[in-house]
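One structure below.
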Amino acid sequence: MQARVSVQQAKTDETAYYRREIHSRVVNFRKVTWLLALMVGCALGLMVVAVPLAYGLLDSPWLEVAGVATGGAGAFLLMGAAYIKRRVDVDMTRLIGDFKLAHARQDTDALTGAFVRNRFLADLSEAILRSRGEGGAVALLVFDVDHFKQINDGFGHPVGDAVLEFCVRCARKTFPGAVVGRMGGDEFAVFIEHDSPISVGYIDQACGEFLAGLREGFHIGHRRQTVSSSIGIAMSPGDATRADLLFGHADIALYEAKRAGRGTWRFFRPEILADKRQERFVERELRAAILMQELKVLYQPIVNSKGDLKSLEALVRWDHSSRGRINPNEFIPIAERSRLIHDLGMAVLRQVCMDMAGLPNVRVNVNVSARQLQLGHFKEDYIAILAEADVDPSRITLEITESSLLEASDVLKDRIGTLRDAGFSIALDDFGMGYSEFNQLRTLPFDIIKIDKSYTQSLGVDKVTDIFVSAVVSVATHLDRQVVAEGVETEADISRASAAGCGLFQGHLFDKPLTAEAVGRKYARPGSSPVTRASSAA
């Protein structure tokens, strides 16, 4: 932060220096000009007065000499004034050029050549004002690079810088005449100004061409680096008539593009604001539910092929006093975005510890967000809860959700390693939903892989799924790790999952999520009484 302030101060000092220099040269030029004008005036006046006097007082030869001398002096002064003026003009032109260059360095990003944030927003404001006065339109597109941090961490910052430069080149090629700005990090913006309304079809076509250009990628060394991006779009005057509001709306649309799976674009819609208000309402209510301990925890069995209980997964449920049961798919993503997820996770762990005495003597899987693992105090918070309840960490499996968000870095590897050293087991949940999972298998320490239900239910139907699951099972077997097939709902599911090499199973074929009391009654002695699938189905 201090370095950034110093750079900004240096730029300010440089601008002030050029301003002082130009002002000083202007003042000096004016002084010289007035002095020369005075001298020329005096010389001409002397000549006008001297001629009549000379006719009466001097002889003819002396008169000619006086006239020539006076004219020569006047000519010399005029030529001197012209020369000095030319030198001052050249000097000022150079200084003004340096001044403009200094300002250009402040207004453009050194890496990409795009305008910096302040300059871009200032130009956007002017464009919106012009469009309001002339009946034109402005389209603002905000985009960033998908998974840019993984590119930086995986290939190094030089590749990351090359990706940013490539994005700006593609933007200028796809949107000729548009203004391109770098908003910070890997976020960019483009605005298109036109003297008539801009059609949605044109923006759709341009965005498609832009993303296609990014997918083609560029060569760096001996390999091709492809790029993916998400785009949010807002239009003026339809969506907003102020630059800050228009940018905010485009940013909201960008977030919608990311929620849609990235690598796409979305236009701002007024309904999104209503969704945001609903999200804030759910966030406030969820925060209150956590504080008031209104959430409850259910447990779903994880069994072997015989139905013997091997572990339990703790699943949080929220029965709202006025809205009834709220689906976890609705409130958990909101908890992620609002940073309530760690509070929610600790609330679930406390409830599991309270239920532990009545549960069978098996491990309990507790869901942990990948974002929680990024917290430096995560381990200490969870260990403190277990210590308070006198529960050994060996009874808990940390089931990492959203594994596609994990960055298989050395820091994360060490952090998971310390959790395993403390006694926790580690499970990668919903495996197969992100593009970087096999890198995780290679680098991250784990004990269990849970195959996502979409793969489990496609076994024997889709050849790619069969190959993928076989590869995962082979890796797990080689590393002496367990594989759980999620979403087992039919006898055919368990038969195909067993044939693929999965040893553990979870799904409604065996049991739906149960209360702690129901689990205690049904599995009093785990392993001695296997689950009967017929009773489960009933």
Side-chain angles (χ1 to χ4, degrees), residues 100 103-104 107-109 112-145 164 166-184 186-216 227-260 262-276:
K100 290 181 177 179
H103 265 285
D107 288 343
T108 56
D109 175 56
T112 63
F115 283 145
V116 297
R117 184 184 185 91
N118 290 342
R119 170 64 188 274
F120 180 86
L121 292 177
D123 286 1
L124 177 61
S125 296
E126 293 177 3
I128 292 174
L129 288 175
R130 283 194 298 270
S131 68
R132 290 172 63 183
E134 301 171 2
V138 176
L140 174 64
L141 296 81
V142 177
F143 67 92
D144 64 10
V145 181
L164 299 181
F166 174 66
C167 287
V168 172
R169 290 199 303 272
C170 278
R172 286 175 172 157
K173 179 180 178 181
T174 309
F175 307 101
V179 178
V180 182
R182 184 180 181 186
M183 301 294 101
D186 65 317
E187 185 178 27
F188 297 88
V190 176
F191 77 77
I192 305 167
E193 182 182 4
H194 203 272
D195 55 7
S196 61
I198 301 173
S199 69
V200 172
Y202 168 75
I203 298 296
D204 279 332
Q205 179 181 354
C207 288
E209 292 175 0
F210 176 61
L211 295 183
L214 293 180
R215 284 194 296 270
E216 287 182 8
V227 183
S228 173
S229 178
S230 303
I231 309 172
I233 306 156
M235 313 278 278
S236 178
D239 295 329
T241 55
R242 277 173 38 193
D244 55 343
L245 292 178
L246 191 68
F247 191 88
H249 290 168
D251 204 44
I252 291 173
L254 170 62
Y255 176 74
E256 290 297 306
K258 292 181 179 180
R259 289 184 64 180
R262 302 177 185 267
T264 186
W265 65 92
R266 288 291 183 271
F267 287 85
F268 172 78
R269 297 175 292 106
E271 306 89 77
I272 299 177
L273 295 179
D275 295 341
K276 289 291 181 183

Test log, rule side-chain contact (heavy atoms from CB on, under 4.5 Å), inputs Val138 and Leu124: CA-CA 8 Å; Val138 176; Leu124 177 61; 3.8 Å; yes
Evaluation steps, side-chain contact (heavy atoms from CB on, under 4.5 Å), between Leu129 and Glu126: CA-CA 5 Å; Leu129 288 175; Glu126 293 177 3; 5.6 Å; no
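In this structure, the side chain of Asp107 does not engage the main chain of Arg119 through any donor-acceptor pair within 3.5 Å. Thr174 places a side-chain N or O within donor-acceptor distance of the main-chain N or O of Cys170, the cut-off being under 3.5 Å.
Shortest non-hydrogen contact noted between Ala137 and Ser196 is CB-O, 3.8 Å. Considering every non-hydrogen atom in both Tyr202 and Ile198, the closest pair reads CD2-CG2, 4.0 Å. Counting all heavy atoms, side chain and backbone alike, Ala114 lies closest to Arg182 at CB-N, 3.8 Å. The two residues Leu164 and Val145 make their nearest non-hydrogen contact at CD2-CG2, 4.3 Å.
Interatomic distance, Phe247 CZ to Leu121 CG, rounded to the nearest 0.5 Å: 6.5 Å. From Ile252, atom CD1 reaches atom CZ of Arg269 across 11.0 Å, with rounding to the nearest 0.5 Å. Here Phe210 contributes atom CZ and Leu141 contributes atom CG; the two are 9.0 Å apart, rounded to the nearest 0.5 Å. The distance from atom CZ of Arg169 to atom OG1 of Thr112, rounded to the nearest 0.5 Å, is 10.5 Å. To the nearest 0.5 Å, the span separating CD1 on Ile272 from NE2 on His249 amounts to 9.5 Å. Atom CD of Glu193 is separated from atom CG of Asp123 by 9.5 Å, given to the nearest 0.5 angstrom.
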Do any side-chain atoms of residues 227-235 form donor-acceptor pairs under 3.5 angstrom with protein atoms, and if so which ones, sequence neighbours left out?
from   : atom 1 : to     : atom 2 : distance (Å)
Ser228 : OG     : Asp146 : OD2    : 2.6
Ser229 : OG     : Asp144 : O      : 2.7
Ser230 : OG     : Asp146 : OD1    : 2.8
Ser230 : OG     : Gly263 : N      : 3.4

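Using a 4.5 Å cut-off on side-chain heavy atoms (C-beta onward), Phe191 and Leu246 make no contact. When side chains are defined from C-beta on, Trp265 does not count as touching Phe143, because their heavy atoms never get closer than 4.5 Å. Contact check for Ile192 versus Ile203: side-chain heavy atoms found under the 4.5 Å cut-off. The closest side-chain heavy-atom distance from Val142 to Glu187 is below 4.5 Å.
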